[in-house]
J.: 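Pasting a structure below so you can have a look.
Lettering follows sequence order; numbering is per chain, from 1.
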Amino acid sequence: MRPDAQPVLTARGVFIEYEVDPPVKAVRNASLTLHRGEILGLAGESGCGKTTLAYGLNRLLKAPALMTAGEVTFHDADGRDIDVVELRDESLRTFRWDKVSMVFQGSMNSLNPVMSIRRQLHDVFTTHRPGMRRREREARCAELLGLVGVDPSRLSSFPHELSGGMRQRVMIAMALALDPQVMIMDEPTTALDVVVQRGIIREIMRLRERLGFAVIFITHDLPLLIEISDRIAIMLEGEIVEQGTAAEVYRAPRHDYTKRLLASFPSLRGERGDFVRRGADTTTGDAA
Amino acid sequence: MADARSRFRTLLPRRSAKLVGGFAIVGAIVLFAILGPLIAQPPRDSDNASLQQPSAEHWLGTSKLGYDVFSQLAWGTQGSLMIGLVAGIIALVLAVVFGVLAGYFGGFADEALSLFTNIMLVIPGLPLVMVIAAYVQRSEGLGDFARSSVLVAIVLGITGWAGSAVVLRAQAKSLRSREYVAAARVAGEKAWRVIFVEILPNLVPLLAAQFIFGIIFAILGEAGLSYLGLGATGSITWGTMLNDAQTGQAVGTGAWWWFVPPGAMIAALGAGLSLINFAIDEVVNPKLRLAPENARKVRRAARAGVGVTETGVIA
Amino acid sequence: MRDIRQRAGILEAQHLVKDFRLRDGVRLSTLHAVKDVSFSLEPGRTVALVGESGSGKSTIARMMAKLETPSSGRVIIDGKPSADRGRGLAQYRRDVQMVFQDPFGSLNPFHTIRHHLERPLRIHHPGWSSSQVRNHAHELLERVQLTPASRFADRRPHELSGGQRQRVAIARALAPGARFIVADEPVSMLDVSIRLGVLNLLADLQREERLGVLYITHDLATARHFSDEILVMLRGEIVERGPSDRVILDPQHEYTKTLLDAAADPENLGMLRDEVRNGG
């Protein structure tokens, strides 16, 4: 955490509702500040509204979801403030990949199976950087794959020839393609095995140091968030119930729900904590 | 809560314009088949003047032989519906046997059952029906049965199941890999119980759709057969009416009241059953139902609020 | 004879092998999902089988539950080879039950909770009267803390939360009076804050009934606290086995160490950041 950090994305009093019968208030009065270059962890369980909030920040809500109130401001590197809520059509399109990009849990399965990785990466540039020459594009694509730890020779591969971890790395490369200032990652590694997951997390951390983008990292895996985030926000039933640095949340949680969430993860190497196995030969009394 | 009917409620189609319309048409036709013969004169009563235009006395006129067309139509509706129902049930049972068993057991049983299904599928339907119908009608020892509509229904039933079997096999194969099927096996359920108690209830919407499809197929098939003179000449159906009209040169003499009513009934029943089928389709595949509703919601939300785009494309 | 008496009450996997034949167009290839795996389950003890997806741990669960037939090797119960069909299989199913991973998929959406519990009771206790079966089903619901039982019995799976469904699945596994439970990732699809509740329930029931449990998971932390012994699987083989604290705190095999390093540990807060900042 850098104390001098400038905000890059601020959200104030965001309300999001699902216009179903009866309406569901998915996000209630959420306020967040994301600083330049920091990793903000957003933790919560399924249905707590964390994904909805992230979609709202990036204007990706689809009906029946609807932002009913709130403001989202993007503070561009050149000093301009962009009112995200007011963006329309073309300006929204450029905002979405240029300024803020997104990686989802299922991203790796959204690669087009009949197109080579090269064509799909090139497409990003032909769409968003029409002036770029072919040779420049090719060089940039190879560079991007190298950045995420995939051999550039894999450009000619098709998605099915890559493992799940590699495909997710390709998706991260795509998200990085236009040098975004913010990346929103929604459970980017949940579908992957732990060893692969760790490799990708390390890659994200390394790229963040190098390229300086900020990350909103969404997951239910609180231990992982505590390990990698600068600050953490805990969501419960649509509300952000606690916000603080990773150390504060871990060592001095204030909200009951945070404590309960922390207690849900038994310590791997530490003493037996809240989770007491009450098996046949280790009867150690009743835990709460 | 304990109401046994409530378990079916989740499987029933939502009340929609399609469903209500379909049931209204089919219900009216069924009602006509039940009540019509009670009020009409005997259909083979040829005391009337021939080829009369529709009048107060003969609502739908008379045929060349002096039969009352309204009365023929009433009895014909009964006959056609009966054939459709019997053939539909036979086809459904065969489709379940060949489709669900193949899908559930897999392996060699699947190969054998699927092979037979595929053979039935590639043989052109109507010619096969014609051959079988012509053959059994000429067989000795069948007596009146050879000319009866029950025989036609059986022939249509055993030739019309293959398409449904393919659909059911695919679905059974997918249900078979569900964990609750594995759980039932681990609990010690026998194979037939797994099929009939665990799998089949979840296929009810699909079975209903296939059954309706079978009825449509059988009624159209019967009409075709009768028109070609291979139908149940011993009974009255929409098909035999069309056949009579054709041999009586109804078109040439301008006796539209003779052939339009049975034709219209076939079209109406087909439309009504199809509407019900569409409604069932929406239960099987909720996306079909939600698509128009979602599009409306998007437009409404786009007008009403912030943070929503109509395209919603992630790019 | 003596051998059988010693091994009474023990469920053993002996040299289990499972090969799957894959057909890719005209080419046939063989996938060695499980290669020569042996272990034994004793009453009152939990063995954790830890590995990543594709390691073959679920195939082992399915072989132990008799949903797959081993290509070679045997499953031994009470010192005798287990049967694959008929009355012997029915007896095996009474002794060995399974809890599945997906709480949404393992209960039939068409049937009530009552059906899911009463069926195994009826199958394995053919002599019971309807009221006996009914009372026992309610008793099972109460044992998995779904109270009042009468309110849950007539509900359908979609009316229950994921955690409640998994409790029903546990009750169903107990219904035949099983001595051994194979739990295939029983909590991995549940919300984090209810996982420990379900695991603790399983542990309580295990103690009360002296069940032998095979706990299949990819989560090292719960494997350590929930089980007596840990087996680490990699590509169909057990690469390390031992008492759970020993395996976690003093791993011997390289793969176990890799797995442990990959597991998130909040104690390492900020370490990864500093590491990449300094080391690249």
J.: How about C:Lys35: does its NZ atom have over 12 heavy atoms from other parts shown lying under 6.0 Å from it?
T.: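 Check passes, neighbour count above 12.
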
J.: Ignoring hydrogens and geometry, is there a side-chain-to-backbone donor-acceptor pair from C:His225 to A:Ser267 under 3.5 Å?
T.: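 At least one qualifying donor-acceptor pair exists.
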
J.: Say you draw a straight line from CZ of A:Phe265 to CG of C:Asp265; how long is it, rounded to the nearest 0.5 Å?
T.: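 Result: 12.5 Å between the selected atoms.
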
J.: Identify the heavy atoms of A:Pro223 and C:Pro266 that sit nearest to each other, and give their distance.
T.: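 Scanning both residues, the minimum pair turns out to be CB-CD, 3.6 Å.
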
J.: Tell me, yes or no, whether the heavy-atom count around A:Glu237 atom CD, taken from other residues, nucleotides or ligands under 6.0 Å, exceeds 12.
T.: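 Atom CD in A:Glu237 is not crowded, with 12 or fewer foreign heavy atoms closer than 6.0 Å.
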
J.: Got a second to check how far C:Leu269's CG is from A:Ile228's CD1, nearest 0.5 Å?
T.: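 CD1 of A:Ile228 is found 11.5 Å from CG of C:Leu269.
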
J.: Is there side-chain contact between A:Leu222 and C:Val192, with heavy atoms separated by less than 4.5 Å?
T.: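 A side-chain contact is absent here, since even the closest heavy-atom pair is not under 4.5 Å.
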
J.: Within this structure, what is the CG-CZ distance for the pair C:Leu196 and A:Arg260, rounded to the nearest 0.5 Å?
T.: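 C:Leu196 atom CG to A:Arg260 atom CZ measures 11.5 Å (nearest 0.5 Å).
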
J.: Using every non-hydrogen atom in the two residues, find where A:Arg198 and C:Leu272 come nearest and quote the distance to one decimal.
T.: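 That closest heavy-atom pairing would be NH1-CD2, 4.3 Å.
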
J.: Using a strict cut-off of less than 4.0 Å between a Lys/Arg side-chain nitrogen and an Asp/Glu carboxylate oxygen, indicate whether C:Arg273 and A:Glu209 qualify as a salt bridge.
T.: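 Salt bridge flag = no for A:Glu209 with C:Arg273.
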
J.: Going by heavy atoms in the side chains, are C:Glu267 and A:Glu227 under 4.5 Å from each other?
T.: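 They are not in side-chain contact.
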
J.: Flag the pair A:Asp193 / C:His218 as yes when at least one side-chain heavy-atom distance between them is below 4.5 Å, and no otherwise.
T.: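 Contact flag for A:Asp193/C:His218 side chains = no.
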
J.: Are more than 12 heavy atoms, taken from residues, nucleotides or ligands other than A:Arg210, located less than 6.0 Å from that residue's CZ atom?
T.: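 No.
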
J.: Are any side-chain N or O atoms of A:Glu45 and backbone N or O atoms of C:Ser193, one a donor and one an acceptor, separated by less than 3.5 Å?
T.: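 Yes, because the side chain of A:Glu45 sits within donor-acceptor range (under 3.5 Å) of the backbone of C:Ser193.
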
J.: Return the option, out of C:Ile194, C:Asp261, C:Asp219, with the maximum number of heavy-atom pairs under 4.5 Å with chain A.
T.: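 Looking at each of C:Ile194, C:Asp261, C:Asp219 in turn, C:Asp261 comes out on top.
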
J.: Would the distance check show the side chain of C:Asp191 and the main-chain N or O of A:Ser46 forming a donor-acceptor pair, the cut-off being under 3.5 Å?
T.: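 Yes.
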
J.: Quick one: which residues of residues 250-257 of chain A reach chain C at under 4.5 angstrom, heavy atoms only?
T.: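 Against chain C, the residues of residues 250-257 of chain A that fall inside the cut-off (heavy atoms, under 4.5 Å) are A:Tyr250, A:Arg251.
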
J.: Only heavy atoms, only distances under 4.5 angstrom. Which residues in residues 232-240 of chain C are near chain A?
T.: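 Expected list: none.
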
J.: At a heavy-atom separation under 4.5 Å, does C:Leu260 approach chain A through its side chain, its backbone, both, or neither?
T.: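 C:Leu260 touches chain A through backbone and side-chain heavy atoms alike.
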
J.: Given the options A:Leu261, A:Ile226, A:Leu268, which has more heavy-atom pairs under 4.5 Å with chain C than any of the others?
T.: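 If we count pairs closer than 4.5 Å to chain C, A:Leu268 comes out on top.
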
